[in-house]
Amino acid sequence: MEMNELQTLRHSASHVMAQAVKRLFPDVKLAIGPAIDNGFYYDFDTEHPFTREDLDAIEKEMKKIAKENLKIEHFELPRAEALELMKDEPYKTELINELPEGETISFYKQGEFVDLCAGPHVNYTGKIKAYKLLSATGAYWRGSEKNKMLQRIYGTAFPNKTELEEHLAALEEAKKRDHNKLGRELELFTTSELIGQGLPILLPKGARIIQTLQRFVEDEEQKRGWQLTKTPLMAKSDLYKLSGHWDHYKEGMFVLGDEEKDKEVFALRPMTCPFQYQAYLNRGRSYRDLPMRLNETSTLFRNEASGEMHGLIRVRQFTISEGHLMCTPEQLEDEFRGCLELAIYMLKTLGLYEDVSYRFSQWDPDDREKYIGTEEQWNEAQDTMKRILDHLNIPYVIGIGEAAFYGPKLDIQIKNVHGKEDTLITLQVDQMLAEKFGMEYVDKDGTKKNPYIIHRTSIGCYERTLALLIEKYAGAFPTWLAPVQVKLLPIADRHADYMAEIKRKLADKGILRTELDDRSEKIGYKIREAQLEKVPYMLIAGDKDIEAGVVSVRSRKDGDIGSMTIDEFIEKITEEIETKAR
RNA sequence: GCUGACGUAGCUCAGUAGGCAGAGCACUUCAUUGGUAAUGAAGAGGUCGGCGGUUCGACUCCGCUCGUUAGCUCCA
């Protein structure tokens, strides 16, 4: 089925649902009900929050409506008649009043149910056969928290039962890959009510993965001419007042102290930019110093609203591969390309490259308080960035209102296992903060100029990246990333010494992430546990192996792959680690 | 922050006309020394998220609070 046919089907399903809701709960007022990526929803204004039992009842009523096989008819009305028809529907009335003069006002009708709607729709309600109502949640009218919260019902629909079943099965399958579930099961992280919301505790295995990533990133950045800084995690409010954070980002910051009482108020840093600018400002700079590339493995603190936190994906404290690059206008495009190439190299190495999309995040000129700078500055910054992106042939979508308060961004977006999109990596061209901070360089002709600044991450924030990797690999990490790469399993107690020796040999060759399971358990039991822990390799040895001077190798992926000498195994796994094979 | 749902042993979950808290796995001990996904037995483990209220009596009902979660809003 064509995508737009499916959209039509789902849109009609949302009407059938609304009709069912109206039959069961005649007092509800209708808001809007579009088709979305994987289904549809409809927003209702009612004092009654829908329960799962309500959804089941609504599904049953939908079945009746489908059985009645009502004809779905289109008609149009002049404004006055349209308003009369919808006089009991305040949200529809609001929508009609906003349609431009002279616009035809379009309706769809099925049986007793009439809805203001541009369509299109399927021709009979009988076409709505395979559907499922998934959840009921709150949602603000027109997406603004200033407006009333409505009750939204999400559902999905397909042309036939088989496709619906497949989709529902895929949703179940996705739950198993959820990083929040797997990450806790595999003991990568945990949380504590005493520590607080959005403050995950990385356990040894999770910390090991992040350490591996961090070493990889810092080494690669060094190779590409980046210089490491280590700047403070907090600063006086003065710094943030100058940067604009105090006026535009204050509710996102943890402020230490009381402005009324204390002489000095500090805040934990939500971004590294103003700190690294102080490094630039250490002395006078010349064009000969540029480009200056400063990177930092940077722990940040953001006071996210309490409802926003989610596993490792949205947290209040996180560590990001952040960096700022100061350069001349002539260098800007090459340097931007360099930053992007680094990010892409990281994504490809991690195996996430196929899963990302690009968003050119621009300001919203109708929401001026959110941003620093003038309209001219914004237009110039966005034009510069657009020129670069177009020149590099980056296939982006535009996100209005998604810019940072100080400038436009190229966001590299990724969807988690539930289809929810987040920013993994961001690159920004900034023309405003250099001026604010008095950052200058002396050009060839002796005049002082503000550098361009590129803000960028190369792998994004480690916690979020780890979350996406857990979901990508369902916890079965490539060997180079695996927190435990080899598990050593002696068959009986008397084989443990031999295994301990093997462990030392591995360590001598730099294979340090190994574990010896010398419990007095049967081999099948140890294998089962190692397999459930998703360890890439198990080395097994008993009398036969010791006599032959070998180990039996079992791979997580292929099972028993026979025996080899330890040197042969070291060669095999070392190559796998060095090439970062997936 | 807003609207819902949820919170019982380390984990996954049972436990409603308010009346002494349960299972499996994990853990500890003992026996078993076993060759590619679970050896057997015994034991220990819980202020039923926290605080208040109603009640002779609260895991159970009510309020507040903390946390998790589906979304909205916000965002790396």
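Letters go in sequence order (proteins before strands), and every chain restarts at 1. We use all heavy atoms of the structure for the numbers below, so side chains are in, but hydrogens, waters and symmetry mates are not.
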Over all strands shown, is [X] touching base, sugar-phosphate only, or nothing at heavy-atom distances under 4.0 angstrom?
X      : value
A/G559 : nothing
A/K146 : nothing
A/Y154 : sugar-phosphate
A/R554 : base
A/R52  : nothing
A/F318 : base
A/S306 : base
A/A305 : base
A/G542 : base
A/E521 : base
A/R556 : nothing
A/K409 : sugar-phosphate
A/A492 : base
A/D543 : base

Is [X] salt-bridged to [Y], cutoff N-O under 4.0 Å?
X      : Y      : answer
A/K175 : A/E172 : yes
A/R293 : A/E221 : no
A/R52  : A/D56  : yes
A/D560 : A/R554 : no
A/D45  : A/K148 : yes

Aromatic contact between A/F40 and A/H11, with the criterion being ring centroids under 6.0 Å apart: yes or no? no

When you compare the side chain of A/L199 with that of A/T191, does any pair of heavy atoms fall below 4.5 Å? no

Please check if the number of heavy atoms outside [X] that lie under 6.0 Å from its [atom1] is greater than 12.
X      : atom1 : answer
A/R177 : CZ    : yes
A/E47  : CD    : no
A/E187 : CD    : no
A/K415 : NZ    : no

Using the [atom1] atom on both, measure [N] against [M] and round to a whole Å.
N      : M      : atom1 : value
B/rA5  : B/rG57 : P     : 29 Å
B/rA44 : B/rU28 : C1'   : 7 Å
B/rU54 : B/rC66 : P     : 23 Å
B/rC59 : B/rA21 : C1'   : 8 Å
B/rU69 : B/rG46 : P     : 27 Å
B/rA42 : B/rA26 : P     : 15 Å
B/rA9  : B/rC75 : P     : 38 Å
B/rA38 : B/rG19 : C1'   : 40 Å

5'-most by nearest nucleotide on RNA chain B - A/H310 or A/S144: A/H310

Both A/F50 and A/M271 contact RNA chain B. Which one's nearest nucleotide lies toward the 5' end? A/F50

Sorted by chain and number, sequence neighbours left out, side chain to side chain donor-acceptor pair (under 3.5 Å) with A/E501 holds for A/R504

What class does the angle between the rings of [X] and [Y] fall in, given that below 30° is parallel, 30 to 60° is tilted and above 60° is perpendicular?
X      : Y      : value
A/Y345 : A/F216 : tilted
A/F158 : A/H167 : tilted
A/F50  : A/H48  : perpendicular
A/W378 : A/W363 : parallel

Interface limits on RNA chain B, where chain A has a heavy atom under 4.0 Å of a nucleotide atom: B/rG1 to B/rA76

Of [range], the positions that come close to RNA chain B - non-hydrogen atoms, cut-off under 4.0 Å:
range                       : value
residues 527-540 of chain A : A/I527, A/R528, A/Q531, A/L532, A/I540
residues 188-214 of chain A : A/E193, A/Q197
residues 347-361 of chain A : none

Nearest atoms (heavy-atom pairs only) where A/R556 meets A/V535: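 So the two residues come closest at CB-O, 3.3 Å.
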
Is it the case that A/R359 places NZ or CZ above or below the six-membered ring of A/Y396, under 6.0 angstrom from the centre and within 45 degrees of the axis? no

Structure string for RNA chain B in dot-bracket form, Watson-Crick and G-U at under 3.5 Å, | interchain: (((((((..((((.....[..)))).(((((.......))))).....(((((..]....))))))))))))....

